[in-house]
Amino acid sequence: MIKMSIPPVKEQLDVIERGTVEILPREELIQKLEQSHKTQTPLRVKLGCDPTRPDLHLGHSVILRKMRQFQDLGHHTILIIGDFTAMIGDPSGANKTRPALTREDVVENGRSYFEQASKILDPERTEIVYNSEWLAPMSFEDVIRLASHYTVARMIERDDFTKRYQNNDTISLHEFLYPLAQGQDSVHLRSDIELGGIDQKFNLLVGRHLQKEFGQSQQICLMMPLLVGTDGTMKMSKSYDNYIGIDEKPEDMYGKALSIPDELIYPYFELVTDVEQDRLPELKQQAESDPRNTKHKLAWTITRMYHGAEKADQARDHFEKTVVRKDVPDEMPEFVFASGSGSGILDVIRETGFVPSSSEARRLVAQGGVTLDGEKITDPRYSFETGKTGEFVLKVGKRKFGKLIFR
RNA sequence: GGGGAGGUACCGAAGCGGUCAAACGGGGCAGACUGUAAAUCUGUUGGCUACGCCUUCACAGGUUCGAAUCCUGUCCUCCCCA
């Protein structure tokens, strides 16, 4: 491992505070940073992840990027795969009790999570731990003791619980254990700082509280805002289908990034891109004066971060071509059919996998959402002549293209 | 443990014996429009060998010519009391 020097406080704060919503308590953070700089001892920075959904998107990247910044400042970072807590299911976010996962699922998801997170974190400098390591061996007695350090009144103060309680929604008793388990992680790891989304505030504070109960130095809670999704209203989440996945194809990434409302251009630059700190004010202004080009710059930057400059250029060209000029893309998946079968258009569309059912295909045809070589097909009974050969460009819906080859 | 309310499509929510593949809203999808995959307007939204047929209204049975709607049992949720 490379020995890094820990820079002075002021310098660190500039980086640390980029995009944060809240640091509790900020004063203590400064003290810890001073101490750390003086003694050149890295702080222990903890981030827990819930491996229920292994597809990471830009929403996750906000917090992971913050973690990366701590790495670059020379601190010690610990990524906790919440394999044990995932079996409880965090009550926050989806206001619903989540189904418990099996151990195998959780382990597999954890692996996939780290693999994806490595696109943002420096894997060399990330300590990975699974919280089942210390949570699983706890006895019932240990759990009772832990639970005695928190009160029901404080527990139901928590937003999610309050709301669900008022709505007469189910709250399973074991959900109360989630924050405690997460807090126990902090105690076990003796963390100095815990990162989290602002929706994690309660959980992070429980960690702080428990550390105090156990006579430890209390962690600083650093909260990042929730990234608003491409729909411009709700937080980015796979279940709202308003996300940009970090594994997505360059073209999709670019297109989705362009679909965000103009007000989000700046927050995205600040939270999910690696543009230099001192360029931010300038970008903020451009986002207002020239939203179109600034948004293209944003889309390009995001795509470049995950796919490189060359792919980003291609994605931009692809967008210009298919969306702006409504032209046919350079590359598209090919589907080969045997001529002579006299295939109907509905079956052909189905075989491409662009739609889940032939009823859906029929609907699209009826609504004029299907073209063949640029010609709208409106008759669901349209079929390719028997014995016909050649290639056709099929377009289904707004942006699904395929090359049909009959031979 | 006792009493009451309720479980409807992706979500919320009507319907309470036929005219129900199921109103309405949200979401999704499509068309028009657009700097944009935004906003707005319009249409559409179970499946199929498709002007007809098949499977849906927690689950399993039953009554009836006919049930999402009535009856019985099971599972689940919420409220009040203990």
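Residue numbers begin at 1 in each chain, while the letters A, B, ... track the order of the sequences.
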With A:Glu360 via salt bridge (Lys or Arg N to Asp or Glu O under 4.0 Å) - residues at least two apart:
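Here the qualifying residues are A:Arg363.
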A:Ser217: which of A:Lys212, A:Lys32, A:Arg190 passes side-chain hydrogen bond (donor to acceptor under 3.5 Å, both in side chains):
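Running side-chain hydrogen bond (donor to acceptor under 3.5 Å, both in side chains) over A:Lys212, A:Lys32, A:Arg190 with A:Ser217 returns exactly one hit, A:Lys32.
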With a 4.0 Å cut-off on heavy atoms, is [X] in touch with a base, just the backbone sugar-phosphate, or nothing at all?
{"X": "A:Arg381", "answer": "nothing"}
{"X": "A:Glu251", "answer": "base"}
{"X": "A:Gly255", "answer": "base"}
{"X": "A:Leu364", "answer": "sugar-phosphate"}

Nucleotide N/O of nucleotides 77-82 of chain B paired with protein N/O under 3.5 Å:
unit_1, atom_1, unit_2, atom_2, d
B:rU77, O3', A:Thr170, OG1, 3.0

How about A:Leu146 and A:Leu210: do any of their side-chain heavy atoms sit closer than 4.5 Å?
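They are in contact (side-chain heavy atoms under 4.5 Å apart), so the answer is yes.
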Any side-chain N or O of [X] below 4.0 angstrom from OP1/OP2 of [N]?
{"X": "A:Ser357", "N": "B:rC48", "result": "yes"}
{"X": "A:Ser259", "N": "B:rU36", "result": "no"}
{"X": "A:Arg362", "N": "B:rG47", "result": "no"}
{"X": "A:Lys326", "N": "B:rA37", "result": "no"}

Can you say whether a donor on the side chain of A:Ser358 sits under 3.5 Å from an acceptor on the base of B:rA50, or the other way round?
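Between B:rA50 and A:Ser358, which were checked side chain against base, a qualifying N/O pair under 3.5 Å is present.
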Would you kindly give the [atom1]-to-[atom2] distance between [X] and [N], to the nearest whole Å?
{"X": "A:Gln367", "N": "B:rU45", "atom1": "CD", "atom2": "C1'", "value": "9 Å"}
{"X": "A:Asn242", "N": "B:rC11", "atom1": "CG", "atom2": "P", "value": "18 Å"}
{"X": "A:Leu264", "N": "B:rA38", "atom1": "CG", "atom2": "P", "value": "14 Å"}
{"X": "A:Asp241", "N": "B:rC11", "atom1": "CG", "atom2": "C1'", "value": "14 Å"}
{"X": "A:Arg399", "N": "B:rG31", "atom1": "CZ", "atom2": "C1'", "value": "14 Å"}
{"X": "A:Arg363", "N": "B:rG43", "atom1": "CZ", "atom2": "P", "value": "16 Å"}
{"X": "A:Tyr254", "N": "B:rA38", "atom1": "OH", "atom2": "P", "value": "16 Å"}
{"X": "A:Phe354", "N": "B:rA30", "atom1": "CZ", "atom2": "C1'", "value": "16 Å"}

Rounding to the closest angstrom, what is the interatomic distance between [N] and [M] at atom [atom1]?
{"N": "B:rA5", "M": "B:rC11", "atom1": "C1'", "result": "22 Å"}
{"N": "B:rU44", "M": "B:rC59", "atom1": "P", "result": "29 Å"}
{"N": "B:rG27", "M": "B:rU74", "atom1": "C1'", "result": "34 Å"}
{"N": "B:rC51", "M": "B:rA39", "atom1": "C1'", "result": "38 Å"}
{"N": "B:rA13", "M": "B:rU8", "atom1": "P", "result": "8 Å"}
{"N": "B:rG12", "M": "B:rA58", "atom1": "P", "result": "14 Å"}
{"N": "B:rA23", "M": "B:rU69", "atom1": "C1'", "result": "15 Å"}
{"N": "B:rC16", "M": "B:rU34", "atom1": "P", "result": "47 Å"}

If you draw the axis of the six-membered ring of A:Tyr243, does the NZ or CZ of A:Lys256 fall within 45° of it and under 6.0 Å from the ring centre?
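The answer is yes, since A:Lys256 meets both limits relative to A:Tyr243.
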Hunt down the Watson-Crick or G-U wobble partner of B:rA5, both distances under 3.5 Å, from any strand shown, or write none.
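Check on B:rA5: paired to B:rU77, both distances under 3.5 Å.
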My understanding is that only residues two or more places apart in sequence, or in another chain, count here; which of them pass side-chain contact (heavy atoms from CB on, under 4.5 Å) with A:Glu375?
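Testing A:Glu375 for side-chain contact (heavy atoms from CB on, under 4.5 Å), a comparison that skips the adjacent residues, returns none.
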Determine, using ring centers only, whether A:Tyr150 and A:Phe176 are less than 6.0 Å apart.
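So the answer is no for these two rings.
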How should the glycosidic conformation of B:rC71 be described, syn or anti, under the criterion that syn lies within 90° of 0?
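Base orientation relative to the sugar is anti.
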Against A:His188, only a single residue in A:Phe214, A:Trp134, A:Phe84 fulfils ring-ring contact (aromatic ring centres under 6.0 Å, His included); can you say which?
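Answer to the ring-ring contact (aromatic ring centres under 6.0 Å, His included) test with A:His188 among A:Phe214, A:Trp134, A:Phe84: A:Trp134.
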Considering only side-chain heavy atoms of A:Val323, which listed nucleotide, B:rA37, B:rA32, B:rG35, is closest?
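Nearest to the side-chain atoms of A:Val323, counting from C-beta on, is B:rA37.
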What I want to check is whether the side chains of A:His149 and A:Glu213 have a donor and an acceptor closer together than 3.5 Å.
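Present: a donor and an acceptor within the cut-off.
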Take A:Asn203 and A:Gln182, measure what side chain to side chain donor-acceptor pair (under 3.5 Å) needs, and give me the verdict at the end.
CA-CA 7 Å; A:Asn203 292 346; A:Gln182 188 170 335; 3.2 Å; yes
